[in-house]
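I have placed the structure first, in the form of structure tokens, so that the comments after it can refer back to it.
The sequence lines fix the lettering, A, B, ..., with proteins before strands; numbering per chain opens at 1.
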Amino acid sequence: MSNYDFTKIEDKWQTYWQKNNVFSSVVDESKPKYYVLEMFPYPSGRIHMGHVRNYTIGDVIARYRMQAGYNVLHPIGFDAFGQPAENAAIKHNTDPKEWTEKCISWMVKELKHMGFSYDWQRELSTHRDEYYRWNQWIFLKMMEQGLAYKKASSVNWCSSCETTLANEEVVNGGCWRCKTEIIQKDLNQWYLKITDYQDDLLEDLQKLENWPERVITMQKNWIGKSFGVEILFKEFETKQEIPVFTTRQDTIFGATYMVVAPEHPILKQIIKGNQQEQQVLDFIETTSKKSKVVRVSTDLKKEGVFTGAYAINPVNNEKIPIWTADYVLMEYGTGAIMAVPTHDQRDFLFAKDQALSMRIVISNPQKPELAIDELKQAYEDPGILVNSAQFNGLDNETAKAKIADWMEQEKIGKRTIFFRLRDWLISRQRYWGTPIPVIYCDKCGVVPVPEKDLPVALPEKIAITGEGGSPLLKVKEFVNVNCPKCNAPAQRETDTMATFIDSSWYFLRFCSPRNEQAAFDKTEANYWMRVDQYIGGIEHAVLHLLYSRFFTKFLNSIDMVDFKEPFDKLLTQGMVLKDGEVMSKSKGNIVDPDEMIKQFGADSLRVCILFAAPPEAEFDWNERGMDGAWRFLNRVWTLAQDMIALKQSATKQQIMGFEKEVEFKTHSAIKKISHEMRGGFKFNTAISAMMELTNTLVPAIKQAQEANVLNSVLEDAISNLIIMLSPITPHMCEELWQEMGNNTSIVKTNWPEFDLKKLELDELEIVLQINSKVRSRMMVEAAISEQDLKLKARQDPVIQKWIEAKPVKKIIVIKGKLVNIIV
RNA sequence: GCCGAAGUGGUGGAAUGGCAUACACGUCGGUCUCAAAAACCGAUGGUCGUGAGGCCUUGUGGGUUCGAAUCCCACCUUCGGUACCA
């Protein structure tokens, strides 16, 4: 039997799907809806194995849902703005738009070769003005609400990309894209006030029951809510207030010094004219030169100097020295801390180093007599308060509450909540992005572009040199405009928006991608959303997934959508590695999916990538997997061909003896595979169940061939196998389905239901154990009583040998599984 | 440091309290062939034994249980996240 001709078949069905609009979706209230979405790609031109994995998973889920009776939305688009296009422009003197569009057309072709079930009529790309004008519209809406604003601040700057970056885009102190070390710059930039939603973003995480735990944890940590008290310390001479933030107010009687950040505005005032002034100024100078990476690196010794000034601890009026040190950051809390070296490890190390005094205020219940000299590290665990005036004897958790109450009464402190989350810096000094729709007028100030003037189109075919700041600055026709308010000459904003804006709402645009009146049609969005199953890489755990949640909450607040969370279920697929490393051009270890398709076909590639590992796990690409997949498909192909041929020639229907087993295997496969398709998503085991079924059917069909008979049990089993395999290898299954005499697409065929009766066997194999060790097994009728089972077990010859003369203490029976005899 | 996940044959992996190693890959043997490839059939955790068969085995050590890869405790290793966050 010849191998199946995948090139011809795959081409045939891809054309068929396209011509017949098999995957186009419209609102249909008569069916339950299912929105399955994979994170859309950046159009780099070529799809890689990561894409193949991501989109194959999505495709299998989408196709399964279609067969299971759902109205499925499964769209694709391109996240087309961003730096690679611009960098290519600088390097090869190409036009970013042309480059991007060429890349998109390549990628569309490759995606189509994989046979994905996308509704291509909904394709979108973020670089088209029909899309990005709505970025501008949303920005204006945020401006109206005071959520988009401009401020001067110290920002993250990547000198290689020549642009600012959001905090979320700084990874290990470097640029997320090019890993260049980030420096701080003072610039006047646009921000989105994501912090307005910090509580909702945190609380609603609890509702995301179908998200991986680690993504939730990462977002929680990123938002970083901490409960504590802001305490008012006073500078000794000037009586100026220096608030400190602490979560450990229970340790305040142990505060033996204070530390302010080197950037703290009060620092220069309190040192003015004193002996320490020069030393402190020098220290500020040296720390400011250190990059954040260096300053934050863990094992570095904490540096600091005494300021010469003192503070008063408001709880006991103690005079404590004020230090400045690099381990206190201006960005967090109040930029000043009370230092309790006995109960905070950082303070402990610093105090030891600078020989500062310490006082124990929480005693360790295990070693209450512990003395300061014996302290090897700070004691940060729970304990009982000592040396703490009226609070002595309380356990520290109770003391936290009592001290906070007391401070609020005495007006020396108040309960405060601090977040780690900062507003989202969105201006980028780059060309290939959405222009920020704002005009600067000498008279009117910052003027938003009126809605009717949208889009603010990105000028095309301009010179991009990579030098001298934002390319748009040099485009006079773009920059020079008249003020929309007073008509006087004015200038446009030349920064563009961060591209993460584009991806923060594209899932909504997919619901009505051609709408020209609005970002999206509200009714359609409310029908299709939320995304039922979202699939993408873990690298977006914070960035894209947090921003999209923020946008959804904002759009909900202005009544554009009825829901507050965009993604119901989230699957984060693992990376595809090669020899333990990420595939990349520079390492030269890229496996080209197109090459695999040419050699083995898209169906084999789809099987290979799903069978290698469960979707969440990382896996190392191994070419051998392709051979295995190819072999399996040929086995199924031959099996089906044999059945089709037999149907023509078979002389009669006849019971062959394998029916019980075939039915059992078929229905346990239906049960198992349905479970994985619905939400287990362990496609590797779903495929292995199909392999097992195939391994049962191949000998059965051989037997039938020899007798030249066929029966409906075998026929049904094979047709169920083809249906269940079709989401994974759609081309081959469509072809077989047609050859088996069907004239509609297999996508329109109902998913099989399993019959519990077929899973009941007349006879079962029972494992026999002696003292919990397997010694024998026996066949019994399924209906056997417990009494008879025990009796029969004891009669088993092997068991009898093991029991011999020993007294039986106990017999444990697990119905349908085993008998364990304890002697 | 903290948080999280994981550790099973030569390899990818399966089994979430009841037959450890399903399903594949690889390897070995066979059929077919002048030969090879493909395909098909069979074997394949370790160890002792001529054999029947025994014993051991899910990172390590302990515990719970008639029974543990699975639950609990401690430790080791690997990976991921995060980090002077007060």
Side-chain angles (χ1 to χ4, degrees), chain A residues 1-3 171-172 212-218 220-222 224-226 228-229 244-249 251 259 261 295-300 302 325-329 331-340 343-347 349-350 377 380 418-420 538-539 541-542 574-575 580 607-608 611-614 616-629 631-632 634-635 638 682 684-695 698-699 702 765-777 798 809-823:
Chain A
M1 183 65 62
S2 61
N3 291 335
V171 179
N172 293 328
E213 198 53 46
R214 63 172 176 154
V215 174
I216 293 185
T217 308
M218 281 161 80
K220 230 182 238 168
N221 291 341
W222 188 263
K225 186 178 191 176
S226 55
V229 178
V244 306
F245 175 69
T246 183
T247 54
R248 291 299 307 272
Q249 63 271 18
T251 65
V259 187
R295 210 176 134 179
V296 153
S297 73
T298 341
D299 31 52
L300 204 76
K302 302 174 190 339
D326 55 5
Y327 78 97
V328 173
L329 306 174
E331 305 94 87
Y332 190 77
T334 59
I337 61 152
M338 61 173 204
V340 185
H343 305 294
D344 181 293
Q345 185 61 15
R346 291 155 301 169
D347 296 342
L349 290 175
F350 189 73
Q377 57 183 17
E380 293 177 328
F418 265 98
F419 284 85
R420 211 186 84 111
I538 186 75
E539 66 272 19
V542 175
M575 283 205 288
V607 169
C608 175
F611 186 59
E616 308 231 47
E618 211 167 64
F619 84 87
D620 212 76
W621 175 260
N622 186 346
E623 211 110 312
R624 298 229 185 254
M626 289 300 297
D627 289 325
R631 235 174 276 174
F632 168 57
N634 275 298
R635 249 168 102 74
T638 309
K682 289 179 126 189
N684 55 334
T685 60
I687 291 170
S688 81
M690 292 193 239
M691 286 172 168
E692 282 183 66
L693 179 56
T694 308
N695 291 346
V698 167
K702 290 241 163 84
E765 195 187 50
I766 299 290
V767 170
L768 302 178
Q769 296 182 327
I770 299 289
N771 291 341
S772 308
K773 282 202 169 157
V774 180
R775 293 301 177 187
S776 182
R777 30 197 105 213
V798 183
K809 276 198 212 147
K810 198 175 170 188
I811 303 180
I812 292 148
V813 176
I814 305 295
K815 225 184 153 218
K817 277 185 182 160
L818 63 79
V819 177
N820 186 7
I821 301 171
I822 312 300
V823 295

Which nucleotide, [options], lies nearest any side-chain atom of [X]?
X: A:V328; options: B:G12, B:G4, B:A86; value: B:A86
X: A:K682; options: B:G12, B:A15, B:C19; value: B:A15
X: A:A613; options: B:G13, B:C84, B:A15; value: B:G13
X: A:A612; options: B:G12, B:G18, B:A86; value: B:G12
X: A:R346; options: B:C23, B:C66, B:C84; value: B:C84
X: A:M691; options: B:A24, B:G13, B:C84; value: B:A24

Distance between the [atom1] atoms of [N] and [M], in whole angstroms?
N: B:U21; M: B:C32; atom1: P; answer: 34 Å
N: B:A20; M: B:G9; atom1: C1'; answer: 11 Å
N: B:U58; M: B:C19; atom1: P; answer: 15 Å
N: B:A68; M: B:G17; atom1: C1'; answer: 7 Å
N: B:G80; M: B:A86; atom1: P; answer: 26 Å
N: B:A69; M: B:A22; atom1: C1'; answer: 15 Å
N: B:C25; M: B:U78; atom1: C1'; answer: 24 Å
N: B:G4; M: B:A74; atom1: P; answer: 13 Å

Does [X] put a side-chain nitrogen or oxygen below 4.0 Å from OP1 or OP2 of [N]?
X: A:R631; N: B:G26; result: yes
X: A:N684; N: B:G12; result: no
X: A:R635; N: B:A39; result: no
X: A:R775; N: B:G54; result: yes

### Task
Let me know, please, whether A:P614 or A:S688 comes out on the 5' side of the other along RNA chain B by nearest nucleotide.
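Residue closer to the 5' terminus by nearest nucleotide: A:P614.
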
### Message
Here's a test of your reading of the structure: between A:T217 and A:K810, which maps to the more 5' nucleotide of RNA chain B?
### Response
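Result: A:T217.
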
Where the side chain of [X] meets the backbone of [Y], is there a donor-acceptor pair that is under 3.5 Å apart?
X: A:D344; Y: A:D347; result: yes
X: A:N820; Y: A:S772; result: yes
X: A:E380; Y: A:Q345; result: yes

Please work out if [X] contacts a base, only the sugar-phosphate, or nothing of the nucleic acid, heavy-atom cut-off 4.0 Å.
X: A:N820; value: base
X: A:K773; value: sugar-phosphate
X: A:F632; value: nothing
X: A:E213; value: nothing
X: A:I814; value: base
X: A:N695; value: sugar-phosphate
X: A:R420; value: base

### Query
When rounded to the nearest 0.5 angstrom, what distance separates CD in A:Q769 from CD1 in A:I812?
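Nearest 0.5 Å value for the CD-CD1 distance: 8.5 Å.
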
### Task
Report the glycosidic orientation of B:G9: syn if within 90° of 0, anti in every other case.
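Syn, angle within 90° of zero.
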
### Task
Applying side-chain contact (heavy atoms from CB on, under 4.5 Å), run through A:C608 and A:W621 and close with a yes or a no.
CA-CA 10 Å; A:C608 175; A:W621 175 260; 3.9 Å; yes

### Query
Is it the case that more than 12 heavy atoms not belonging to A:R775 sit under 6.0 Å from its CZ atom?
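Enclosed.
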
